[in-house]
Amino acid sequence: MRILMVCLGNICRSPLAEGVLVEKIKEKGLDWEVDSAGTSSYHIGERPDPRSIETAELNGIDIRGQRARQVRKKDFVAFDLIYAMDRSNYNHLVALAGDSEGVDKVKLILDEGYPGENREVPDPYWNNRFDEVFNLLSHSCEQIIRKYT
Ligand code: 4NP
C-alpha cells in the first residue's frame with residue numbers, strides 16, 4: 001500500500017498521521033509507503049509544528065525529519081489511498097484529482113476509525129487539542145492496517 005496523509009498546512013495533523021502509521025507498519029513489519037502533504041503552500045519546507053513534534057515524542061514517535069510539502073497532481077498516481085483530515089481538505093483533493101480513478105482514492109481518515117459518524121480531525125493549530133488529534137489518528141491508523149492486511 002502507498003498512503004498519503006493530507007491536511008491544510010502539513011505541519012500539524014498530517015505529520016502526526018504519517019508518524020503514527022509509519023510506527024504501526026514498522027511494528028507489523030509491513031512494506032508500505034507513507035507520506036504526507038498539505039493542500040496549501042503556507043508552510044512548504046518547514047518542520048512539523050513543535051506541538052506535533054512533542055505529542056509524537058510523548059508517544060515514542062520521532063517526526064522531526066519531516067518537511068512540509070504541497071499535494072500535487074502526480075500524487076494521485078503515486079499513491080493508492082489519499083486520506084483527508086477534514087472535509088475542506090477532502091473537497092480540495094477531489095477538485096485536484098481530475099478523474100474518477102483519482103477521486104476514488106480520496107477518503108476521510110476518520111471514516112476508517114469511526115465509520116458512519118462523518119467525523120473530521122479538528123484543526124489543532126488554533127485550539128491546541130493535539131492529544132485528541134493523536135488519539136483519533138492512532139485509532140484510525142489501527143483500523144487502516146486491519147482493513148488492508
Ligand atoms: P494543519 O494545521 O493543517 O493540521 O497542518 C494548520 C497549520 C497551519 C495553518 C492552519 C492549520 N495556518 O493557517 O497557517
Side-chain angles (χ1 to χ4, degrees), residues 1-27 32-98 102-145 147-148:
M1 294 297 288
R2 300 166 302 167
I3 295 182
L4 183 67
M5 303 294 193
V6 177
C7 62
L8 175 64
N10 192 208
I11 57 165
C12 295
R13 291 165 292 177
S14 59
L16 274 176
E18 177 186 338
V20 167
L21 188 57
V22 165
E23 187 68 18
K24 290 186 192 296
I25 65 174
K26 261 199 256 164
E27 285 167 10
W32 288 12
E33 182 184 329
V34 183
D35 194 11
S36 65
T39 57
S40 78
S41 60
Y42 305 153
H43 297 281
I44 291 174
E46 291 179 23
R47 285 188 173 77
D49 186 284
R51 297 165 295 177
S52 280
I53 290 176
E54 188 190 0
T55 303
E57 201 168 283
L58 288 169
N59 290 278
I61 300 171
D62 182 0
I63 62 168
R64 288 171 301 176
Q66 294 186 30
R67 295 294 180 273
R69 72 168 177 89
Q70 190 169 24
V71 68
R72 47 191 178 238
K73 255 193 124 104
K74 66 180 186 189
D75 287 325
F76 291 89
V77 178
F79 293 92
D80 304 305
L81 289 170
I82 301 181
Y83 282 115
M85 299 297 120
D86 64 30
R87 195 155 293 281
S88 165
N89 310 147
Y90 179 92
N91 291 339
H92 185 113
L93 288 166
V94 165
L96 187 66
V103 170
D104 287 346
K105 294 181 176 185
V106 184
K107 320 267 178 210
L108 270 177
I109 191 165
L110 296 191
D111 281 352
E112 299 290 7
Y114 308 88
E117 295 184 27
N118 246 319
R119 288 182 75 164
E120 304 177 281
V121 183
D123 185 345
Y125 188 71
W126 304 109
N127 70 20
N128 271 310
R129 287 151 60 185
F130 284 81
D131 286 343
E132 179 188 350
V133 166
F134 184 90
N135 292 333
L136 292 168
L137 292 173
S138 186
H139 175 65
S140 297
C141 287
E142 287 280 342
Q143 295 305 116
I144 289 168
I145 288 177
K147 188 169 174 180
Y148 294 105

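Start at 1 with the first residue, then count along the sequence. Whatever order the structure lists ligands and atoms in, that order sets their numbers, starting from 1. Below, all heavy atoms of this structure are taken into account, side chains as well, without hydrogens, waters or symmetry copies. This is a predicted model, so every value here is computed, not measured.
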inquiry  = Do Cys12 and Val133 have side chains that approach each other closer than 4.5 Å (heavy atoms only, starting at C-beta)?
reply    = no

query = Got an N/O contact under 3.5 Å between Cys7 and ligand 1?
reply = no

request  = Among all protein heavy atoms, pick the one closest to atom 12 (N) of ligand 1 and tell me residue, atom and distance.
outcome  = Tyr125 CE2, 3.6 Å

key: Contacting atoms of ligand 1, where contact means under 4.0 angstrom from a heavy atom of Cys12   = 1 (P), 2 (O), 4 (O), 5 (O)

query = Looking at ligand 1, does any of its N/O atoms fall within less than 3.5 Å of an N/O of Ser14?
reply = no

request  = Answer whether the closest heavy-atom distance between the side chains of Lys24 and Ser138 falls below 4.5 Å.
outcome  = yes

task = Just jot down the ligand 1 atoms closer than 4.0 angstrom to any heavy atom of Gly9, in number order.
result = 1 (P), 3 (O), 5 (O)

query = Among protein heavy atoms, which lies nearest atom 2 (O) of ligand 1, and at what distance?
reply = Asp123 OD1, 3.4 Å

inquiry  = Distance to the ring centre below 6.0 angstrom and angle to the axis at most 45 degrees; does that hold for Arg13 and Tyr125?
reply    = no

Sub-4.0 Å heavy-atom approach of His43 to ligand 1 = yes

inquiry  = Quick check against the 3.5 Å criterion: does Asn10 have a side-chain atom that pairs as donor or acceptor with the backbone of Val6?
reply    = no

remark   = Within the 4.0 Å heavy-atom cut-off, what Asn10 brings close to ligand 1 is backbone

Listed once per pair and sorted, the ring-ring contact (aromatic ring centres under 6.0 Å, His included) pairs that draw on residues 38-86, sequence neighbours left out = none

request  = Kindly check if the number of other-residue, nucleotide or ligand heavy atoms within 6.0 Å of CZ (Arg64) is above 12?
outcome  = no

